[in-house]
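No hydrogens, no waters, no symmetry mates; every other heavy atom, side chains included, goes into these values. None of these values were measured; they are calculated from a predicted model. Chain letters run A, B, ... following the sequence lines, proteins first, then strands; residues in each count from 1.
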2 protein chains.
Amino acid sequence: MNTLSYGLLSLLSHAADSGYDLMLKIQPFWPAKHSQIYPLLAQLESGGYVQHKLVVQTDKPDKKIYSITDKGLNALRNWLTLPTDEPVTRDELVLKIFCMEQGDTADILHMLETRLAYYQDQLQWLQSKKETYAQLNPSPSLGIILLMQKGEFSVKADLEWTQWAMRQVIAHEKEPNPD
Amino acid sequence: MNTLSYGLLSLLSHAADSGYDLMLKIQPFWPAKHSQIYPLLAQLESGGYVQHKLVVQTDKPDKKIYSITDKGLNALRNWLTLPTDEPVTRDELVLKIFCMEQGDTADILHMLETRLAYYQDQLQWLQSKKETYAQLNPSPSLGIILLMQKGEFSVKADLEWTQWAMRQVIAHEKEPNPD
DNA sequence: TTTTTATACGTAAATTTTGACATATGACAG
DNA sequence: CTGTCATATGTCAAAATTTACGTATAAAAA
């Protein structure tokens, strides 16, 4: 039982879902491809943590709807009492910033612009999620509210940094020698 | 040539360094164990991107000091012009928050307290780094300044969220039924 | 009408990352 | 004087993750 397995159980503790949709929904929290999700769900099922029923669809391919079992819920509750790993972030951009003096200012600015657009998309996505969730759900889950807020705090800080960094890079280019 | 390889070249573009110290220095940007660093440095050397000389020490074990070659610098400069991967963050805490309703409030609060201490340590480390760097270096590298600021923006946002989340959890516990 | 996109599942190979095992020196604490 | 810690390098196995290969349906776009 690795962290991704618990992540899947965590999603399933809210509602039963297909492997395909679990894969889509877990992306913001723990990026994983379907080639990792499907075998893991089979493994969880063989361990008795989840079970599935086949749902036949006419407009789309048939799917397997997984639901969490009592054993799965117990495993989840126990996991919540265990020490929590520190977060891990890997960002190619920071490695490039570290040696930015080696490259052209235009390339660095282009990289920062692309990243800015990425963060803006993220923020828009978050805010639309927030709206639709508030509309659909009368008594929202505290956990989901906390997570949406975490995302917003984080992306806004990244967004501000990117804009600040772009200004710094431009200022540095215009005034390379202050004497 | 994967991202970690470029990360090592990026560090080496500032100064020659040992595998051990490169391993320590790259942690904040791209976590990696020495078992990953040493073979990669050997691979980079066989590719002609870096070279090393043995430095004999009396008080400590001997070490290999790696330096970047012209070929390495060219590879680094080319890398700066290529598209940049999106950042990847994996945080067990957010998966736990998602199903926090399944556990005890005390366990969740304990998790958040531990995380709070972690972020406070990070912030302290960053600010001490900032000071020592400013003192040691008369003309600081723009890249390093940008990165230290990025870290500070990010950790401060995480810190604020954690404190906010703890207040939310406490409020939610005290007033579970508003009617 | 052909191609692309989204849905939906699956496996196999390659890459990346972690954890364990291994050795060695000097300092420092118990 | 014995164990632990920081330094320093290395290999090997296992686990986690990504990329590629593979099938299939239906809608939408080109």
Side-chain angles (χ1 to χ4, degrees), chain A residues 1-9 11-12 16-47 50-66 83 85-92 95, chain B residues 1-9 11-12 16-47 50-66 83 85-92 95:
Chain A
M1 289 282 288
N2 56 21
T3 309
L4 179 55
S5 300
Y6 285 113
L8 293 171
L9 292 182
L11 292 193
L12 289 174
D17 216 341
S18 70
Y20 183 79
D21 283 330
L22 286 170
M23 180 268 291
L24 293 178
K25 288 174 186 171
I26 209 166
Q27 296 305 319
F29 310 122
W30 197 279
K33 313 289 177 184
H34 73 270
S35 55
Q36 201 179 2
I37 304 284
Y38 291 135
L40 220 48
L41 282 169
Q43 197 182 303
L44 285 171
E45 184 157 45
S46 77
V50 301
Q51 55 190 185
H52 86 271
K53 57 177 182 186
L54 191 71
V55 172
V56 179
Q57 299 186 119
T58 52
D59 53 333
K60 297 171 189 172
D62 300 346
K63 61 181 173 182
K64 294 179 176 177
I65 294 293
Y66 285 89
D85 285 343
E86 290 169 359
V88 170
T89 298
R90 288 200 174 88
D91 187 354
E92 196 178 14
L95 298 177
Chain B
M1 288 284 287
N2 57 20
T3 309
L4 178 55
S5 300
Y6 285 114
L8 293 171
L9 292 183
L11 292 193
L12 288 174
D17 215 341
S18 71
Y20 184 78
D21 284 329
L22 286 169
M23 181 266 293
L24 293 178
K25 288 175 185 170
I26 209 167
Q27 296 305 317
F29 309 121
W30 197 279
K33 314 288 178 184
H34 72 272
S35 54
Q36 201 179 5
I37 304 285
Y38 291 133
L40 219 48
L41 282 170
Q43 197 182 304
L44 284 170
E45 184 157 44
S46 76
V50 301
Q51 56 191 182
H52 86 270
K53 57 177 180 185
L54 190 72
V55 171
V56 180
Q57 299 184 118
T58 53
D59 54 333
K60 297 171 189 174
D62 300 346
K63 60 181 174 182
K64 293 178 176 177
I65 294 293
Y66 285 88
D85 285 342
E86 289 168 359
V88 170
T89 298
R90 289 198 174 88
D91 188 354
E92 196 178 15
L95 298 176

Between B:Gln57 and C:dT25, is there a side-chain N or O to OP1/OP2 distance below 4.0 Å?
no

Contact between B:Leu4 and A:Leu95 at the side-chain level, heavy atoms closer than 4.5 Å - yes or no?
no

Quick one: OG1 on A:Thr3 to CH2 on A:Trp30, what's the gap to the nearest 0.5 Å?
4.0 Å

Separation of D:dG10 atom C1' from B:Glu45 atom CD, nearest Å, is 14 Å

Whole angstroms only, please: what is the NZ-P distance between A:Lys53 and C:dC9?
14 Å

Give a yes/no on whether any side-chain N or O of A:Gln36 is located under 4.0 angstrom from OP1 or OP2 of D:dA16.
no

Just the rounded figure in Å: distance from P of D:dT9 to CG of B:Leu40.
15 Å

What is the bend of the helix from C:dT1-D:dA30 to C:dG30-D:dC1 when you compare the axis at one end with the axis at the other, using five pairs each and rounding to 10°?
30°

Please report the distance, rounded to the nearest Å, between NE2 in A:His34 and C1' in D:dA20.
10 Å

Rounded distance in Å - CD (A:Gln43) to C1' (D:dT17)
14 Å

Which part of the nucleic acid, if any, lies within contact of B:Ser18, taking any heavy atom under 4.0 Å across all strands shown: a base, the sugar-phosphate backbone alone, or nothing?
sugar-phosphate

Among B:Leu44, B:Val50, B:Asp17, find the one that has a side chain to side chain contact (heavy atoms under 4.5 Å, CB included) with B:Leu8.
B:Leu44

A:Lys63 and A:Gln57, any side-chain heavy atoms less than 4.5 Å apart:
yes

What about B:Thr58, does its side chain sit under 3.5 Å from the base of C:dG26 through a donor-acceptor pair?
no

Rounded off to whole Å, could you give me the CG-to-C1' distance for the A:Asp85 and C:dG19 pair?
13 Å

Phosphate OP1/OP2 of C:dT16: any B:Trp30 side-chain N/O under 4.0 Å
no

Any A:Lys64 side-chain heavy atom under 4.5 Å of A:Val55 side chain
no

Any side-chain heavy atom of A:Arg90 sitting closer than 4.5 Å to one from B:Pro31?
yes

Within less than 4.0 Å of OP1 or OP2 of C:dG10, is there a side-chain N or O belonging to A:Tyr38?
no

Does A:Tyr20 have a side-chain nitrogen or oxygen under 4.0 Å from the phosphate oxygens OP1 or OP2 of C:dC9?
no

Quick one: CG on B:Leu11 to CE on B:Met23, what's the gap to the nearest 0.5 Å?
12.5 Å

Starting at atom CG of A:Leu41, determine the distance to atom C1' of C:dC9, rounded to an integer number of angstrom.
11 Å

Could you check how far NZ of B:Lys64 sits from C1' of D:dA8, rounded to whole Å?
11 Å

Check: B:Met1 and B:Leu9 side chains under 4.5 Å, non-hydrogen atoms
yes

Describe the nucleic acid contact of A:Ala42 in one word from base, sugar-phosphate, nothing, applying a heavy-atom distance below 4.0 Å.
nothing

Hey, which sits more toward the 5' end of DNA chain D by its nearest nucleotide, B:Lys63 or A:Leu4?
B:Lys63

Could you please name the option among D:dG10, D:dA20, D:dT7 that lies closest to any side-chain atom of A:Ser35?
D:dA20

Between B:Asp62 and A:Lys33, the residue closer to the 5' end of DNA chain D by nearest nucleotide is B:Asp62

Establish, with yes or no, whether the OP1 or OP2 oxygen of D:dT17 is under 4.0 angstrom from a side-chain nitrogen or oxygen of B:Arg90.
yes

